[in-house]
**Q** 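Have a look at this one.
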Amino acid sequence: MEGEIVKGKVEKLIDYQGFASYKKQLLKGKIWITNGVIYVKDDPGVFPTLQIDSAFLNEIIVTKNGKIMTEAMLAVSEKDDISIEVINEKVLPRCIVTTNEQQLKAFIEVEPGYEITRKIKNALLARRVTLTLEENKTITEKVSIEEIRQALREANVFYGIREEVIIMASQAEEPIIYEVATGIPPQDGKDGFLEMKVDLNIKNLLLEDERGNIDFRESSEIPIVETGELLGIIHPPQQGNTGISVTNQPIKPKSLKSITFYSENGTKLHGNRIVATRSGRPRIYQKDHIVKAAVIPKFTQKGNVNLTTGNIHFFGDVEIKGEVEENMVVDGGSNVIIHSSIRNSTVTALNSITSGGNSANSILSVGEKNTVIVQLDSYLRTITEQLEEMYEILSQTAKSASYKNSESKQSLKSIFKFLLQHSFVKFTDVAKNYIELVYQEKDFLKKEWQITAEQLKNLLFEVSQLDITLTQIKLLISLMHTIQEMNLLDFEESKFIYIASVSNSTLLCNGNIHVYGKGCLNTTIEAQGKVVIGGYLRGGNITSKEGIKANIVGSTGGVKTVLSVPAGSTIQIKKAYGGTTIHIGYKQLNLMDIQENITAFLDVKGNLVLK
């Protein structure tokens, strides 16, 4: 860029003869600009001001009394010596070539050479005038074709060049961007994918009870597949085609992903076909290109749980993508996920309950049945194994020729009792323990447990003279296997309740409880693990074996709120109001006023300490 200086000056106003006195008065204390010359007329007590246009701060240089001015505004008087330098501009033509990230397109930005000449604009007289410029832009030189080609070579653009665009760019009279070259994009192949072959939708039906009445709360059916049924097909990736960049380099299509398949309980991969190895509910889960398939228990409720859907009793995972409405029961054998609120209902789970809404006037229980089910499962496995052995002995005996031809053959019942007394002496005691525990916990167990206990009782202790049959024993064994399948549970899985907010409810958990949203109101919480309340905690009783961490406890009204942990655990509160009671071990402390950022624990002497 080249600069040219145009000089201006300040002239004192000559008092020509013939000017009227009122004209002289009008000019006093004023400044104006005419033909690049600044005029000023002094007036005592008034300081005419020159304001430099902010748009031209780099193009105008003002010198006052030999000093270059850095301020954009300056006072001017008749005695000042002011010079003005105006910088003109000359720009050479330019062209720049860029490519996009994939190098499938090249762009050329051209700007012809030009010259800008500037002059000072006139300004009417006033106490303050703005010094600004007029510009005149003239195209002096266009970008040549050879310059464009050279820019393409320097950018390594050799493929897909459009000659007509080069010509257009060389004729441009203003800055402009053209797409000058285009490559061939790669044609992506197709990732491996899973083709489903089973319907996983839940079917609805209405059931009649023994009296012929319809119970709207019990109305769900789980889709079932049979052994050997095709669940899905895993298709391999389909390769794509390589492209060419504007730099004449190959562009490979995106890397293809194959399906990574994990076979869980009840499925097997034959070639690329997923096949059920047992009957049950199909469960196929896919995240990205990882697929897991199983025939295991899981139930998903897409909407609310209400009279239309019925209560949910399911021995596996339960997911409810809505809310649990009033007076409903959700009983999950493993994990229960509820996307919305729970109102005046009961939700139980073996491993966890997660809710994204508020629990109001409800009971949430996790893990309370775990110990019972573990014990029952242990009993049942022993009973099943020994009963299968006895079935084989009885079946072989019944098929033997000596037994069939015997005139005084024993009944199967007598042979069965002989086996219990001499070969399977522990069977009866284990069966008794199982039966007693089922009856003791019958209100918490599914009917299959009770049916099995009843049939065992009839098999072992029935005084009827009727003989037992192999079919009777075989059906009982089948029922036991069904119960074990229903309880494919990971007893090592951590137990927890994770919920947004709670009011007037009861939360019971064999693990941790975390209320992560607004808070907890007038609620009873009992946790074998930790309790974390993220919002407010007002009213109720909170008991935890491994410690409590709360944000705001109580209220200005002094509502009674009790927090209890055993000795060795701590209670952390960010802000506690009067009315808050802290129990640690056998020690108790009632807070009478506001306390902030406290940690309560028992010291080495057993004293309750606030830190």
**Q** Are more than 12 heavy atoms, taken from residues, nucleotides or ligands other than Glu163, located less than 6.0 Å from that residue's CD atom?
**A**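 Enclosed: over 12 neighbouring heavy atoms sit under 6.0 Å from CD of Glu163.
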**Q** Check whether Asn122 reaches the backbone of Asn35 with its side chain - one donor and one acceptor, N or O, closer than 3.5 Å.
**A**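 It does hold such a pair.
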**Q** Would you say the side chain of Ile542 lies within less than 4.5 Å of the side chain of Val562, judging by non-hydrogen atoms?
**A**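 Counting from C-beta outward, Val562 and Ile542 never come under 4.5 Å.
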**Q** Are any of the side-chain heavy atoms of Leu133 and Val86 separated by less than 4.5 Å?
**A**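 A side-chain contact under 4.5 Å exists here.
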**Q** Can you tell me which residue among Ser501, Ser503, Ser341, Ser505 is in a side-chain hydrogen bond (donor to acceptor under 3.5 Å, both in side chains) with Ser359?
**A**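 Of the listed residues Ser501, Ser503, Ser341, Ser505, the side-chain hydrogen bond (donor to acceptor under 3.5 Å, both in side chains) partner of Ser359 is Ser505.
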**Q** Could you grab the distance from atom CD of Glu323 to atom CG of Asn358, nearest 0.5 Å is fine?
**A**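 It is 10.5 Å, given to the nearest 0.5 Å.
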**Q** Heavy-atom count around Arg343 CZ within 6.0 Å, excluding the residue itself: above 12?
**A**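 Yes, because the 6.0 Å sphere around CZ of Arg343 holds more than 12 heavy atoms from other groups.
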**Q** Should Ile338 and Thr354 be marked as a side-chain contact (heavy atoms from CB on, under 4.5 Å) after you check the CA-CA gap, both sets of side-chain angles, and the distance that decides it?
**A** CA-CA 6 Å; Ile338 302 169; Thr354 302; over 6 Å; no
**Q** Inspect the surroundings of CE in Met73 and state if more than 12 heavy atoms from other residues, nucleotides or ligands are less than 6.0 Å away.
**A**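 Yes, enclosed.
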**Q** Glu135: what forms a side chain to side chain donor-acceptor pair (under 3.5 Å) with it, not counting sequence neighbours?
**A**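 For Glu135 the side chain to side chain donor-acceptor pair (under 3.5 Å) partners, ignoring immediate neighbours, are Arg118.
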**Q** If you look at every heavy atom in Tyr577 and Leu591, which pair is closest and at what distance?
**A**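 The answer is O-CB, 4.3 Å.
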**Q** Over all heavy atoms of both residues, which pair between Val246 and Gly183 is shortest? Give the atoms and the distance, please.
**A**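 In this case the closest contact between Val246 and Gly183 is CG1-N, 3.5 Å.
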**Q** Applying salt bridge (Lys or Arg N to Asp or Glu O under 4.0 Å), name anything that partners Glu325, two or more places apart in sequence or on another chain.
**A**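 Testing Glu325 for salt bridge (Lys or Arg N to Asp or Glu O under 4.0 Å), a comparison that skips the adjacent residues, returns none.
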**Q** Distance alone, cut at 3.5 Å: any donor-acceptor contact between the side chains of Asn65 and Asp80?
**A**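 Per modelled atom types, Asn65 and Asp80 side chains form a pair under 3.5 Å.
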**Q** If the condition is ring pair (Phe, Tyr, Trp, His ring centres under 6.0 Å), which residues does Phe47 pass it with, not counting sequence neighbours?
**A**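 Scan of Phe47 (ring pair (Phe, Tyr, Trp, His ring centres under 6.0 Å), adjacent residues dropped) gives none.
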**Q** side-chain contact (heavy atoms from CB on, under 4.5 Å) between Leu521 and Val502: does it pass, once the steps are laid out?
**A** CA-CA 6 Å; Leu521 178 65; Val502 190; over 6 Å; no
**Q** Quick one: CZ on Arg149 to CD1 on Ile166, what's the gap to the nearest 0.5 Å?
**A**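 Those atoms lie 4.5 Å apart.
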**Q** How about CZ on Arg94, more than 12 heavy atoms from neighbouring residues, nucleotides or ligands closer than 6.0 Å, or not?
**A**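 Yes, because the 6.0 Å sphere around CZ of Arg94 holds more than 12 heavy atoms from other groups.
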**Q** What distance separates Leu608 CG from Leu610 CG, expressed to the nearest 0.5 Å?
**A**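 Reported value, rounded in 0.5 Å steps: 6.5 Å.
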**Q** Evaluate whether atom NZ of Lys105 has more than 12 neighbouring non-hydrogen atoms of other residues, nucleotides or ligands under 6.0 angstrom away.
**A**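 No - once you tally the heavy atoms of other residues, nucleotides and ligands closer than 6.0 Å, there are 12 at most.
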**Q** In chain order, what residues pass the side chain to side chain donor-acceptor pair (under 3.5 Å) check against Thr543, with sequence neighbours excluded?
**A**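 Once residues adjacent in sequence are excluded, Thr543 has no partner under the side chain to side chain donor-acceptor pair (under 3.5 Å) criterion.
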**Q** Can you list the steps and then say if Asn344 with Glu326 is a side chain to side chain donor-acceptor pair (under 3.5 Å)?
**A** CA-CA 5 Å; Asn344 196 28; Glu326 293 185 355; 4.8 Å; no
**Q** Does Tyr516 have its ring centroid less than 6.0 Å away from the ring centroid of Tyr498?
**A**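 Yes; Tyr498 has its ring centre under 6.0 Å from that of Tyr516.
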**Q** How close do Val515 and Ala500 get, heavy atom to heavy atom, and via which atoms?
**A**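 For Val515 and Ala500, the tightest heavy-atom pair comes out as CG1-O, 3.5 Å.
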**Q** Can you name the residues that form a salt bridge (Lys or Arg N to Asp or Glu O under 4.0 Å) with Glu154, not counting sequence neighbours?
**A**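 Glu154: no salt bridge (Lys or Arg N to Asp or Glu O under 4.0 Å) contacts found.
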**Q** For residues Asn351 and Val366, determine if any side-chain heavy atom of one lies less than 4.5 Å from a side-chain heavy atom of the other.
**A**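 In short, these two side chains do not touch, never coming nearer than 4.5 Å.
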**Q** According to side chain to side chain donor-acceptor pair (under 3.5 Å), who are the partners of His339, at least two apart in sequence or on a separate chain?
**A**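 His339: side chain to side chain donor-acceptor pair (under 3.5 Å) contacts with Glu319.
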**Q** Under the 3.5 angstrom rule, does the side chain of Asn304 hit a backbone N or O of Val324 as a donor-acceptor pair?
**A**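 No.
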**Q** Taking the side chain as C-beta and beyond, is there a heavy-atom pair between Asn541 and Ser564 under 4.5 Å?
**A**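 They are not in contact (no side-chain heavy atoms under 4.5 Å apart), so the answer is no.
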**Q** In chain order, what residues pass the ring pair (Phe, Tyr, Trp, His ring centres under 6.0 Å) check against His235, with sequence neighbours excluded?
**A**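 If we apply the ring pair (Phe, Tyr, Trp, His ring centres under 6.0 Å) test to His235, skipping adjacent residues, the hits are Phe193.
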**Q** With sequence neighbours excluded, what pairs up with Glu173 under the salt bridge (Lys or Arg N to Asp or Glu O under 4.0 Å) test?
**A**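 Glu173 satisfies salt bridge (Lys or Arg N to Asp or Glu O under 4.0 Å) with Lys142 only.
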**Q** Please check if the side chain of Glu195 supplies one atom and the backbone of Gly232 the other of a donor-acceptor pair under 3.5 Å.
**A**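 No; judged by distance alone, with no hydrogens or angles, the pair does not exist.
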**Q** Looking only at atom types and distance, does a side-chain atom of Lys64 sit under 3.5 Å from a main-chain N or O of Ala75, one as donor and one as acceptor?
**A**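 Here the side-chain-to-backbone pair exists.
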**Q** Restricting to side chain to side chain donor-acceptor pair (under 3.5 Å), what partner residues turn up for Thr247, sequence neighbours left out?
**A**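 Side chain to side chain donor-acceptor pair (under 3.5 Å) list for Thr247, sorted by chain: Gln103, Ser245.
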**Q** Salt bridge (Lys or Arg N to Asp or Glu O under 4.0 Å) with Glu59: which residues, sequence neighbours excluded?
**A**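 Checked Glu59 against salt bridge (Lys or Arg N to Asp or Glu O under 4.0 Å); zero matches.
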**Q** Do Thr49 and Ile31 make a side-chain contact, defined as non-hydrogen atoms from C-beta onward lying under 4.5 Å apart?
**A**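 A side-chain contact under 4.5 Å is absent here.
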**Q** Distance check, rounded to the nearest 0.5 Å: Ile513 atom CD1 versus Ser544 atom OG?
**A**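 With rounding to 0.5 Å, CD1 (Ile513) is 8.0 Å from OG (Ser544).
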**Q** Tell me if a side-chain donor or acceptor on Asp603 pairs with a main-chain N or O of Lys605 at a distance below 3.5 Å.
**A**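 Such a contact is found between Asp603 side chain and Lys605 backbone.
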**Q** Quick one: list whatever passes side chain to side chain contact (heavy atoms under 4.5 Å, CB included) with Gln588, sequence neighbours left out.
**A**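 Side chain to side chain contact (heavy atoms under 4.5 Å, CB included) list for Gln588, sorted by chain: Thr581, His583, Asn590.
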**Q** Measuring only between side-chain heavy atoms, which start at C-beta, is Thr599 closer than 4.5 Å to Ile571?
**A**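 Not in contact.
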**Q** Which pairs, with at least one residue in residues 520-535 and sequence neighbours excluded, count as a side-chain hydrogen bond (donor to acceptor under 3.5 Å, both in side chains)?
**A**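 Found Gln528-Lys545.
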**Q** If only atom types and distance count, is the side chain of Ser170 paired as donor or acceptor with the main-chain N or O of Met168 below 3.5 Å?
**A**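 Between the backbone of Met168 and the side chain of Ser170 there is no qualifying donor-acceptor contact (under 3.5 Å).
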**Q** Could you check if a side-chain atom of Val62 sits within less than 4.5 angstrom of a side-chain atom of Leu131, using non-hydrogen atoms only?
**A**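 Yes, their side chains come closer than 4.5 Å.
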**Q** Do Ile84 and Ile61 have side-chain heavy atoms sitting under 4.5 Å apart?
**A**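 The answer is no, as the side chains (C-beta and beyond) never meet within the 4.5 Å cut-off.
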**Q** What distance do Ile582 atom CD1 and Ile598 atom CD1 have between them, rounded to the nearest 0.5 Å?
**A**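 Rounded to the nearest 0.5 Å, the CD1-CD1 separation comes to 4.5 Å.
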**Q** Taking atom CG of Leu602 and atom OG of Ser569, what is their separation to the nearest 0.5 Å?
**A**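 Spacing of CG (Leu602) from OG (Ser569) equals 9.5 Å.
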**Q** Is the backbone N or O of Leu104 less than 3.5 Å from a side-chain atom of Asn100, with the two atoms forming a donor-acceptor pair by type?
**A**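 Yes.
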